[in-house]
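Before any comments, here is the structure.
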Amino acid sequence: MHLIRKGKTEDGEIIAKIKIDNWRKTYKNIFPDEVLQSLEAKNEVEKYLKNLKEKDVIIYEKDEPIAYCYYGKRKNSEYPDYEGEVFALYVKNDCQNHGIGTSLLQKSIKDLSKECKKVLLWCAKENNGAISFYRKNGFEVIGEEVENIGGKEVEKVALGIEVKDRGYRLKKSANYIENEENIAIYTNPDLIFLKDEPREWFKQIINNDKTENIPQKFIDYLVKKDVIETL
């Protein structure tokens, strides 16, 4: 069983390990080796506890935390139209490419959309996998800058998205048939039947009606099953 929940103090050590392992794999040859090898669990736990007080923190849990995300309102005056920011999103190395990052990202965007019209995040320019991931989720490059990390000039890109009134559409690879009792959705390779409330939720989503009262788990399920995609 998996769930997305708020971060807790006791998650600190596991979150620290996820970040350190992720950085050492993802940023090898991007950040200096000295920076990556100097990462210490104790320091990362302290950073996590600080973030827990200052930002929104959500955890993806499957028996134990396997991914996390920090997000919240921005204080930086750069890109003033972008009021919200996803500050960090990391998935345990051996749990990637299973829709976990997408679930956390969509949850953070949904929460931020209650107060923000636009959201941004920063990514190392050489991190092609992450940039591709964010582009697939509707983000576009809006700017660049250089940051000195451990004595090395690292190029970064800012990616932004407009989140107010953002909706979903049926994927081209999916179609559905409706009768009085249910909706049958055909995807490759699944056949999904929706009855009662889920049936109504599905109709709301593809008709671009308000989705704020639809459980995020249901939306995540349809995304994971390649039924819908973001506009």
Item to complete: Just grab all the ring-ring contact (aromatic ring centres under 6.0 Å, His included) pairs involving residues 114-136, residues at least two apart or on different chains.
Response: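 Only Tyr134-Phe139 qualify under ring-ring contact (aromatic ring centres under 6.0 Å, His included).
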
Return the [atom1] to [atom2] distance between [X] and [Y], rounded to the nearest 0.5 Å.
X	Y	atom1	atom2	answer
Lys50	Glu54	NZ	CD	3.5 Å
Asp33	Arg24	CG	CZ	10.5 Å
Glu140	Leu159	CD	CG	9.0 Å
Ile161	Cys116	CD1	SG	12.5 Å
Glu147	Lys152	CD	NZ	12.5 Å
Leu112	Lys114	CG	NZ	10.0 Å

Practice prompt. Kindly determine whether Thr26 and Asn127 satisfy side chain to side chain contact (heavy atoms under 4.5 Å, CB included), including the steps that lead there.
Written response: CA-CA 7 Å; Thr26 302; Asn127 191 353; 3.4 Å; yes

Do [X] and [Y] belong to the same hydrophobic cluster, where Ile, Leu, Val, Met, Phe, Trp and Tyr are linked whenever their side-chain heavy atoms lie under 4.5 Å apart, directly or via other members?
X	Y	result
Tyr68	Ile109	no
Phe87	Val141	no
Leu105	Ile58	yes
Ile15	Ile20	yes
Leu52	Leu104	no

Fill in: Pair Glu64-Ile14, side chain to side chain contact (heavy atoms under 4.5 Å, CB included): steps then yes or no
CA-CA 8 Å; Glu64 67 175 20; Ile14 294 178; 4.2 Å; yes

Discussion item. I'd like to know whether Lys118 forms a side chain to side chain contact (heavy atoms under 4.5 Å, CB included) with Val163, so could you lay out the CA-CA distance, the side-chain angles of the two residues, the decisive distance to 0.1 Å, and finally the verdict.
Written reply: CA-CA 6 Å; Lys118 293 183 178 182; Val163 297; 6.0 Å; no

Could you check if a side-chain atom of [X] sits within less than 4.5 angstrom of a side-chain atom of [Y], using non-hydrogen atoms only?
X	Y	result
Pro215	Trp201	yes
Ile59	Ile66	no
Glu229	Val223	no
Tyr60	Ser103	yes
Ile183	Ile177	no
Cys69	Val86	yes
Ile149	Val35	yes
Ile142	Tyr82	yes

Going by the rule salt bridge (charged side-chain N to carboxylate O under 4.0 Å, His left out), which residues pair with [X] if we only count those two or more places apart in sequence or in a different chain?
X	result
Glu83	none
Glu44	Lys19, Lys47
Glu13	none
Glu145	Lys156

Side-chain atoms of residues 186-198: list all donor-acceptor pairs with protein atoms under 3.5 Å, sequence neighbours left out, distances to 0.1 Å.
| from | atom 1 | to | atom 2 | distance (Å) |
| --- | --- | --- | --- | --- |
| Thr187 | OG1 | Asp190 | N | 3.4 |
| Thr187 | OG1 | Asp190 | O | 3.3 |
| Asp190 | OD2 | Lys225 | NZ | 3.3 |

Fill in: Sole candidate of Tyr168, Tyr176, Phe218 that passes ring-ring contact (aromatic ring centres under 6.0 Å, His included) when paired with Phe202
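So the option named by the test is Tyr176.
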
Among all residues two or more places apart in sequence or in another chain, which pass the side chain to side chain contact (heavy atoms under 4.5 Å, CB included) test with [X]?
X	result
Lys224	none
Ser132	Lys136
Glu126	Ile30
Asn29	none

Worksheet entry | Shortest non-hydrogen separation from Glu85 to Leu121 and the atoms involved |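 Result for this residue pair: CG-CA, 4.5 Å.
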
Fill in: Where Pro65 and Ile18 come nearest, the two heavy atoms and their spacing
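What the structure gives for the nearest pair is O-CD1, 3.7 Å.
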
Discussion item. Before you tell me yes or no, could you show the steps for Val154 and Val146 under side chain to side chain contact (heavy atoms under 4.5 Å, CB included), namely the whole-Å CA-CA distance, both residues' side-chain angles and the distance that decides it to 0.1 Å?
Written reply: CA-CA 6 Å; Val154 177; Val146 175; over 6 Å; no

Worksheet item: Just wondering, more than 12 heavy atoms not from Lys55 lying within 6.0 Å of its NZ?
Response: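 Correct, the count exceeds 12.
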
Salt bridge flag under 4.0 Å for residues [X] and [Y]:
X	Y	answer
Asp56	Lys107	no
Arg5	Glu61	yes
Glu178	Arg199	yes

Worksheet item: Cut-off 3.5 Å, side chains only: do Lys203 and Asn207 have a donor facing an acceptor?
Response: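 Note: Lys203 and Asn207 side chains miss the donor-acceptor criterion.
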
Worksheet entry | With Tyr71 via ring-ring contact (aromatic ring centres under 6.0 Å, His included) - residues at least two apart |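 Tyr71: no ring-ring contact (aromatic ring centres under 6.0 Å, His included) contacts found.
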
Fill in: Check: Tyr79 main-chain N/O paired with Arg74 side-chain donor or acceptor under 3.5 Å
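A pair under 3.5 Å: yes.
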
Give every donor-acceptor pair under 3.5 Å between a side-chain atom in residues 88-100 and any protein atom, sequence neighbours left out.
| from | atom 1 | to | atom 2 | distance (Å) |
| --- | --- | --- | --- | --- |
| Tyr90 | OH | Trp23 | NE1 | 2.8 |
| Asn93 | ND2 | Asp21 | O | 3.1 |
| Gln96 | NE2 | Val91 | O | 3.1 |

